[in-house]
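Worksheet: one structure, shown below.
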Amino acid sequence: MPLLLFSQPFMDSPLIPLIIEWSLKIFFIFGGLMTALAYLTWFERRVLAYIQMRLGPNRVGPAGLLQPLADGIKFIFKEDIVPLDADKFLYTLAPIMSLVPALTCYVLLPFGDKFVMPGLNREIPLHITHVNVGVLAIFALTGMGVYGIVLAGYASNNKYSLMGGLRSSAQMVSYELAMVMSIIGVLLQAGSLDLVEICKHQAGWFGMQWHLFTYPPTGIIGFFIFLIAMVAETNRVPFDLPEAETELVAGFHTEYSSMKFAMFFIAEYANMVTASAMATILFLGGWMGPFVDQFPLLGPVYFTAKVGFFLFLYVWLRGTLPRYRYDQLMNLGWKFLLPLSLVNLVLTATIALFFM
Amino acid sequence: MPYQAPLPREYYALMPEIAVSITGIVIMMYDAFAPKGSRRGAGYIALAGLVAAGVSVAYLWNESIPPAFSGMLLTDKLRLFFDAIFILVAGVSVLMAMQPLDDERLPAGEYFTLLMFATVGMLLMGGAGDLAMLFLGLETLSITTYVMAGYRRGDLRCNESALKYFILGSFSTGFLLYGIALTYGATKSTNFLKIQQAIASGQITYEPLLTIGVAMILIGLCFKVATAPFHVWTPDVYEGAPTMVTGFMAAGPKAAAFAIFARVFVQVFSPDVPNAANLAATWTDAVALIAVLSMIVGNVIAIQQTNIKRMLAYSSIAHAGYALVGVLARDWQSVAFYMLTYAVMNLGAFTIVTILARQGDEKTELDDYAGIGFHSMGLSVVLMIFMLSLGGIPLTAGFMGKLVIFKQGWQAGFHEVVIIGVLNSAVSLYYYLRPLVVMFFKERETPYVPPKVTAPFYAALAISVIAVFYLGMFPNRTLNALEMNNASKDAKAPAAALPAGGVR
Amino acid sequence: MVPLSWYLALSAVLFTMGAVGILIKRNVIAVLLCLEMMLNAANLALVAFSSFFQQTDGQLLVFLVMVVAAAEAGVGLAIVISVFRNRETLDVDESHLMKL
Amino acid sequence: MTIQQIVFIVFALIITAGGVGVLVQRNPLYSAFSLILSFIGLAAMYILMGAQFLGVIQIVVYAGAIMVLFVFVIMLLNVRDDELHPDRHKYLLYIGVPLGLGLIAEVFYVVTRVQIAPAITDMHATGTVGTVERIGVGLLTEYLLPFEATSVLILMAVIGAMHLAKREKE
């Protein structure tokens, strides 16, 4: 919120058209994203079904396309149960704390470069707001997401929930380190924390000078560390320890039902999208690709396609990999990913020093 | 002015810190890869590193190095003399800890690493040329000391000691930091030289900010050196911490805090600086009050103690009071000399307490000392030497330290404070002599097994005893090194100034 | 524009609350929280001075203070855990094995 | 009243409310969350003063790391409400509250006087001192030595915390 208020455009330009532009962008991006999130669940269930040789939801609407709608209606009309010994205030706060940071991240993501509205002669940047510490801001927001899970675990007054919350906070804090360390190489190359600048830095080579390919092999190593850490950050298989149903029932959201549960659910998918978008921006050139200079509207298409690839990857992982054990997870994070990302950082810096 | 990268000679100025840091890292590596049985090795590595640091201090002694690292690091006699004290304290602490760590099966690698980096913190404090460096050095020292105080983690008293030390230490850090912030607000800089220039040229944004800032820094430092109204944590922390750590805490961090005291109050906010008369008058009054209170509170409560560690804790409060007289006299040399004498005799006393305390610090009550005088003759006589020195009997270091500091105080015109100090030292003899009376003249009711004294203990005791007598009988060399013997009061102004050379 | 004195007043209020909290709170964790509050009060004052003087120094110092705060929090909580292992309470008043 | 002043007042109220919350709440978890609220308000203040980098870092470090650690420990030890000891430590309340009132009074004295002193009320926070570039360059040039010293500090904190929180091997 404060970032939005004090970002540069707000201070400088005339207010009224800006507010209109913002409202429209917010409406489209959030409207689109919420729909996309809903269909992400459908997508996941269908793909998972194909991987497991099942059919998946195909009853509601053609090919099950109305399934998310049905799910939504079900969530709204279910009874909202609050456990008797729960801490009522925190119990209600938890899903909000989980969802709000997750959705706020979208304010910062650039979906493409500027484009000029025909007839209006007004340059519209394809992102809601632009701050020059974008990467840090995203990490700040995703870091806040831990609280939702922790609070849910604590407030439910249920030992499985508590364990889930504890595990999740430990896991997210541990993997955040490796995640941040893995992208410092990228930031070193781009020389900026600004998401738009980082994307533009990858414009060379016909729109294919992605950080994944530059400075081999550091780009690829960094990318894989980021990929693993991002799956762990979003608590997805194979790192879904906080909600490991075989040991913890459903983890931190065991006691939640109805819309509160739905909010956790949406937050999880929203975080997946954010993480995928970050991976896209940092390593796969964001909206960059061939011919994007000539046709600026190709940018969002490329961007969506790349994000979609990562989302598919998430589902693919879920369909194929078994769950890690908790101590293995911690060992992987602290004893492998973190040292590796540090070595990678030193390597990147060395290459940058001698070959730049 | 454009920034210039540090020159090689600026790294020379950092040599002691670098040497000790590398030693710490080497100890960690050694501990990780050495076979399980070899616990002593870490200690010997630590000693070697400290010797290297000592050599580098000696090397720097005659060099004249301008402020390094954009004025962050000052190299002058004040820094180097205190550096020598810190290295000595660290060395004796290593020797003191080797045997107990073995006996109690505590991890030696971590202990010596923490000790090494605590020393780095102290060294950085001694050389701090900027409030930022001062803060960081102090925090490095504090954080390592918190951990060392709670080092025996299965022992509840140890845990509580660490907890109390942590809470009150951080509380004082808060005050210190707020003081730094306000001082920055008043002078537009955190660099000592620039602060001094700002005061001298009258470019203070707002006078009360500076006064309150200095007051808060004073409060923060008084917590760290444990002077009277801010001393409440000392006895509990000293009693609960493992004795070897208490010995270190009483000597090292206290000397380091006094190094800062000397730097900040004797040099930066000195009354010799133009336009600083009001400010200096304010802090002088406060420090005089604190000094008197510390002496009285420390000595009076120490009389009632039955635990030797608590007694030494209160005695350390009293000694902080004496040392403040040197700050009052605006004479850092006497403070430095006093801290040196205090460090050696205190470390010696705590070494004996460590030896007698046995495993888990079980025997630290005075009753445990009853009648051991003729069973462990050597230990008792050596303890007697340290106790007499702490009490200020002639021919010992303690006497020389007190003589120097009270003489400077008297010459600077703080007659009342000095008189109270001398009276207090007389009172203190009562409780310093009590362990001796107990040891030699009280009947023992329980059987007594003489403790095992091993080589590291002998070395620690030898260093302390020799230092006590050397400083007590032949102090001239040390005082000459501090340029105290020939310096008349008129030549005082340059001695109290920050090293010249300007900030690049 | 917001005058400097407003920031200073806010920082002083925050510092006071932290200091008072350390004295009156009983739970160790709450005491640690109050310590953080004191450090943050100092940070606010430093940032205010630094941006009003248009100097980077103060903000650099704030950055260092944040590092220190993180280190302190880590060690402090470790101490709390070690105390809690041996005694199942976090009440400061219950830490009275040694008399004051 | 300019828009900045209104924003300041709003966030100042949030910060103060958070601080009061820490003092008043009996459940440490509620205290922790009050403090997080306070820290977020402080981040907004930093951004209002043009210290963007510190504003974001405030959230990343304090709200995202330090407070998570606190909350984690609160949950690990599963602390619920404070136990009440009505008689004990009353005297600290008697010391603490007057001390607080005294400090507040002093603050208002100083603040009113600062407003009179023209030297610092006229200045306004604008400009670019708080950008990432300036902070980064500052840390690696003039503040090189303190920056390196912090690494020592962090290393010690890690070793110390690990030693203290490790379980005793019996």
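Order of the sequence lines fixes the chain letters, A, B, ..., with proteins taken first and strands second; residue numbering starts at 1 for each chain. Worth saying up front: this structure is predicted, and the values here are computed from it rather than measured. Worth knowing before you read on, the calculation uses all heavy atoms, side chains too, and leaves out hydrogens, waters and symmetry mates.
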Checklist entry - Considering only heavy atoms, which portion of I159(D) lies under 4.5 Å from any heavy atom of chain B: side chain, backbone, both, or neither? => result side chain

Next on the checklist: Once rounded to the nearest 0.5 Å, what's the spacing between atom CD of E148(D) and atom CD1 of I18(B)?
Outcome noted: 10.0 Å

Next on the checklist: Let's test your reading of the structure: which of V152(D), I154(D), T141(D) forms the most heavy-atom pairs below 4.5 Å with chain B?
Outcome noted: T141(D)

Checklist entry - Of the non-hydrogen atoms in A43(D) and G55(D), which two are nearest, and what is the gap between them? => result CB-O, 3.3 Å

Item to check | pair P16(B)-F86(B): side-chain heavy atoms closer than 4.5 Å | outcome: no

Checklist entry - Quick one: are the ring centres of F69(B) and Y11(B) less than 6.0 Å apart? => result yes

Item to check | Pairwise side-chain contact, I199(B) with L210(B), heavy-atom cut-off 4.5 Å (strictly under) | outcome: yes

Next on the checklist: Less than 4.5 Å to any heavy atom of chain B: does that hold for the side chain of L155(D), its backbone, both, or neither?
Outcome noted: side chain

Checklist entry - Which bit of L144(D) comes within less than 4.5 Å of chain B, counting heavy atoms only: side chain, backbone, both or neither? => result side chain

Checklist entry - Under a 4.5 Å heavy-atom cutoff, which of M72(B), E110(B), E207(B), R105(B) has the most pairs with chain D? => result M72(B)

Item to check | chain D contacts, top residue of I25(B), N159(B), I143(B), V147(B) (heavy-atom pairs, under 4.5 Å) | outcome: V147(B)

Checklist outcome for this item: So CD1 of I74(D) and OH of Y30(D): to nearest 0.5 Å the spacing works out to 12.5 Å

Checklist entry - Quick one: what part of M148(B) sits under 4.5 Å from any heavy atom of chain D, side chain, backbone, both or neither? => result neither

Checklist entry - Given that the side chain runs from C-beta out, which part of T190(B) has a heavy atom under 4.5 Å from chain D: side chain, backbone, both or neither? => result side chain

Item to check | Residue Y151(B) versus chain D: region with a heavy atom under 4.5 Å | outcome: both

Checklist entry - Considering only heavy atoms, which portion of L141(B) lies under 4.5 Å from any heavy atom of chain D: side chain, backbone, both, or neither? => result neither

Checklist entry - Is there side-chain contact between C158(B) and R153(B), with heavy atoms separated by less than 4.5 Å? => result no

Checklist entry - Is chain D contacted by the side chain of L114(B), its backbone, both, or neither, given a heavy-atom distance below 4.5 Å? => result both

Next on the checklist: Can you tell me how the ring of F39(D) sits relative to the ring of Y62(D), calling it parallel under 30°, perpendicular over 60° and tilted otherwise?
Outcome noted: tilted

